[in-house]
Protein chains: 2
Amino acid sequence: MAKHDALSAPVSDSSAHDHSKIPQPTIERLSTYLQCARGLQTDGIAMASSSEIAARTGINAAQLRKDLSYFGEFGTPGLGYDVDALSTHLTRIMGLDKTHDVLLVGAGNLGTALASYMGWVQRGFRIVAVFDTDPAKIGGSLANCKIASLDEIAKVNAQCKALMGVVAVPRESAQDVVDKLVASGVKSILNFAPTGILVRPGITVRNVDLTSQLEVLSYYLHTQ
Amino acid sequence: MAKHDALSAPVSDSSAHDHSKIPQPTIERLSTYLQCARGLQTDGIAMASSSEIAARTGINAAQLRKDLSYFGEFGTPGLGYDVDALSTHLTRIMGLDKTHDVLLVGAGNLGTALASYMGWVQRGFRIVAVFDTDPAKIGGSLANCKIASLDEIAKVNAQCKALMGVVAVPRESAQDVVDKLVASGVKSILNFAPTGILVRPGITVRNVDLTSQLEVLSYYLHTQ
DNA sequence: GTCTGTGAACGAATTCACAGCT
DNA sequence: AGCTGTGAATTCGTTCACAGAC
């Protein structure tokens, strides 16, 4: 696993900024900043300095400023950042200004939980198809989708054209599922199976291994 | 998430090695090595060189050797690593040679999925109590536990003495839940709520923000 | 010859500190 | 005065490359 937890991404876009050497940690923090900006909006705060955001997120103020500077100049010296503008910019930078269609593979406990996870819908991710191997599940329904057989991924996605996939199947079938997703045109995969996944360059995989998370906690527990 | 994905943890133990300056990325990789060692055992492979493990995990061979070197000398020059011994050592290093009791807070979709997630049981994590706020759920049953009210965390854990907690509640209540867990004696927390959590030094929190994962994938999608 | 363990070299990411703008 | 944006300094982590073990 581990592999390329998030990988490759030869970047290049039409903006004036050079996205090719943005640290990965920066990208992972953008999401936090966006969350923070939304919280500030909710609280009715219109302007916030880097140190106010730092206090809310736990991320160093200089770090925030440098992170944002990779993408442009969003702040006003002497005043700070306009919260609405920051939110808008981060949304656009992360490509969240349009809904993303997602294929979900695995309709077990985890798949079911993910399907009913409202956080995704609220943030613009929409599950458009669900797949499973279990004949008892196929034909059933989840997330307003009919559950289809794994073998139908290609056929279904020929119409859906989803670019994202979520893998919530047992370890043994994970690589196979990922291969099928990639063959169907999926470019980004969130993998919950506790196993390393191999994909060709240009495909991004992020692994979320729940057991591994507890194991890391176990390490810290017993070393202190 | 982002935040301090795993934080604090002033390390120090009684072994001959100095655990105080082990890189966090190293600790996160230990889990991968253990998984790999178990896979090798399953495949009946008794010895493996660092480059064989590298090929299986996608982690650089030199990295593996250095990571392991923080904890001792487990390999045999000219031969590689004894898979059984490696597995045993990693298990002990990570504190996985005994079962860990876990409190689960939140019996919604995610909490239910986590409760029935067999990976944890297999790896020695046992849910010993479940809590929720919903009166309709309290008194019900999950993971062989009666679901209790949030307010009973302290009372229940006075007996359970669990050191680990899993937070699967909405954003709004997450900090409150964490505070209650910490007050009850919990030292390590796995947080699924999409919000930054503040804890006092000595308490370890790992954040798993599912939405944030998809947002990072979104970024890579639209920048390539 | 093969492979480990590790100091040294390198590269990446964070933090500092300040010039310049409001 | 207050704050941003950013080069420079620093810290941190990875990779190299080789001495020494088998």
Between [atom2] of [N] and [atom1] of [X], the distance in whole Å:
X: A/I27; N: C/dA13; atom1: CD1; atom2: P; result: 9 Å
X: B/D82; N: C/dT4; atom1: CG; atom2: P; result: 13 Å
X: A/R65; N: C/dT15; atom1: CZ; atom2: C1'; result: 10 Å
X: A/H89; N: D/dT4; atom1: NE2; atom2: P; result: 16 Å
X: B/L68; N: C/dT4; atom1: CG; atom2: C1'; result: 10 Å
X: B/I22; N: D/dG13; atom1: CD1; atom2: C1'; result: 14 Å
X: A/F71; N: D/dG5; atom1: CZ; atom2: P; result: 14 Å
X: A/L86; N: D/dC3; atom1: CG; atom2: C1'; result: 15 Å

Between A/T76 and A/A62, which residue's closest nucleotide on DNA chain C lies nearer the 5′ terminus?
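So the residue in question is A/A62.
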Using the closest heavy atom to pick a nucleotide of DNA chain C for each, name whichever of B/G78 or A/K66 lands nearer the 5' end.
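Its nearest nucleotide lies further toward 5', so the answer is B/G78.
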Among [options], which is the nearest nucleotide to the side chain of [X]?
X: B/P77; options: C/dA8, C/dT4, C/dT15; answer: C/dT4
X: A/N60; options: D/dT4, C/dA8, C/dT15; answer: C/dT15
X: A/E73; options: C/dA13, D/dT6, C/dT6; answer: D/dT6

Taking [X] for the side chain and [Y] for the main chain, is one N or O donor matched with an acceptor at less than 3.5 Å?
X: A/T42; Y: A/R38; value: yes
X: A/N157; Y: A/A162; value: yes
X: B/E28; Y: A/V216; value: no

[X] side chain N/O closer than 4.0 Å to the phosphate oxygens (OP1, OP2) of [N]?
X: B/R29; N: D/dG13; result: no
X: A/Y70; N: C/dA13; result: no
X: A/S50; N: D/dC3; result: no

Hey, are B/T91 and B/D97 close enough side-chain-wise for a donor-acceptor pair under 3.5 Å?
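Checked: B/D97/B/T91 side chains show no N/O donor-acceptor pair below 3.5 Å.
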For the residue pair B/T195 and B/R171, confirm or rule out a side-chain donor-acceptor distance under 3.5 Å.
no
